[in-house]
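The chains referred to below are lettered A, B, ... by the order of the sequence lines, with proteins before strands, and numbering in each begins at 1. Because the structure is a prediction, the values reported are computed rather than measured.
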Amino acid sequence: MEKALENTKELLLSHQFYQQQALTVARQLLGALLVRRSPAGMTVGKIVETEAYGGPEDKACHAWKGMTERTRIMFGPGGYAYVYFIYGMYHCFNIVTGSEGDGQAVLIRAIEPLAGLEIMSARRNTDKLTNLCSGPGKLCQALAITRADNGVDLCSDQLQLLSGEAVSDSQVIQTPRKNVDYAAGAKLFPWRFIIKGSPFVS
DNA sequence: GCGGAGATTTCC
DNA sequence: GAAATCTCCGCG
């Protein structure tokens, strides 16, 4: 794995890619590789579950009420990390998409662990592969993503995404997003994308 | 300032 | 099914 990731420049997803609409990016990110480099070592996973957030109709989006200090990064151009703290104990990792001023993002909900498994296991305190990164809070813990990563450029070394094997439409399931019941009309938007049959989804 | 609620996870 | 636990945000 480490060897395969030595020369990845041409696989690195560009700022131009992230500046598409959140829905498009959420679908396209399925199968992409999330690469995390930290002092403890490199951890890598394949994205198997995403959710799109954004637009004037989407009450579930943090940016819906306008820009605040927390959501400031969401209103910048796509290609940067938006990390927030939730329920007093967990972090969620998002990818800012669209153009400056849009206020949209894609939540990474689950990845399939591919490299750095020992590091992830130690951070998560479990050996069970399907429990390492099968949820937004879990994968942040496994990859040691915290608010210190808010605003990080996704073309930088510490955190980046590489295009992976193409995922065809027949392998993709779309469903409503999780835990957004409070969001009136937006709660039924089918903006959650899953790789069909993956045991690593949340 | 205060209080409510949240893109969750875990354990009883 | 509820607790853990803390920041953000709206209201005054």
Atom pairs and distances, donor-acceptor, side-chain atoms in residues 192-202 of chain A, under 3.5 Å, two or more places apart:
from, atom 1, to, atom 2, distance (Å)
A/Arg192, NE, A/Glu49, OE2, 2.9
A/Arg192, NH1, A/Thr175, OG1, 3.3
A/Arg192, NH2, A/Glu49, OE2, 2.9
A/Lys196, NZ, A/Ser170, O, 3.1
A/Ser198, OG, A/Phe200, N, 3.1
A/Ser202, OG, A/Glu49, OE1, 3.1
A/Ser202, OG, A/Glu49, OE2, 2.9
A/Ser202, OG, A/Arg109, NH2, 3.2

Scan A/Arg192 against the nucleic acid and name what it touches under 4.0 Å (heavy atoms): base, sugar-phosphate only, or nothing.
nothing
Touch check for A/Arg109, heavy atoms < 4.0 angstrom, all strands: base, sugar-phosphate only, or nothing?
sugar-phosphate
Can you check whether A/His62 and A/Tyr84 have ring centres sitting under 6.0 Å from each other?
yes
When the aromatic ring centroids of A/Tyr82 and A/Tyr80 are compared, is their separation below 6.0 Å?
no
Would you tell me whether [X] and [Y] have side-chain atoms, one donor and one acceptor, within less than 3.5 Å of each other?
X	Y	result
A/Arg123	A/Ser38	yes
A/Asp149	A/His91	no
A/Glu118	A/Ser121	no
A/Gln141	A/Arg124	yes

Which residues in residues 84-105 of chain A have a heavy atom closer than 4.0 Å to any atom of DNA chain C?
A/Phe85, A/Tyr87, A/Gly88, A/Met89
Given salt bridge (charged side-chain N to carboxylate O under 4.0 Å, His left out), test A/Arg177 with A/Asp58 step by step and report yes or no.
CA-CA 11 Å; A/Arg177 298 167 296 181; A/Asp58 187 11; 2.9 Å; yes
Starting from A/Leu107, walk the hydrophobic network (Ile, Leu, Val, Met, Phe, Trp, Tyr; side-chain heavy atoms closer than 4.5 Å) and list everyone else you reach, by chain and number.
A/Tyr53, A/Val180, A/Tyr182
Taking Watson-Crick and G-U wobble pairs with both distances under 3.5 Å, convert DNA chain C into its dot-bracket string, 5' to 3', dots for unpaired and | for cross-strand pairs.
||||.||||||.
From CA spacing to verdict: side-chain contact (heavy atoms from CB on, under 4.5 Å), A/Val44, A/Ile111:
CA-CA 9 Å; A/Val44 182; A/Ile111 62 176; over 6 Å; no
Extract, from 5' to 3' on DNA chain B, the first and final nucleotides lying under 4.0 angstrom from some heavy atom of chain A.
B/dG6 to B/dT10
Considering all heavy atoms of both residues, which atom of [X] and which atom of [Y] are nearest to each other, and what is their separation?
X	Y	answer
A/Thr97	A/Gln20	CB-O, 3.6 Å
A/Met120	A/Cys133	SD-SG, 3.7 Å
A/Leu132	A/Ala142	O-CB, 3.7 Å

Polar atom pairs (N or O), protein with nucleotides 8-12 of chain C, under 3.5 Å:
from, atom 1, to, atom 2, distance (Å)
C/dC9, OP1, A/Thr68, OG1, 2.2

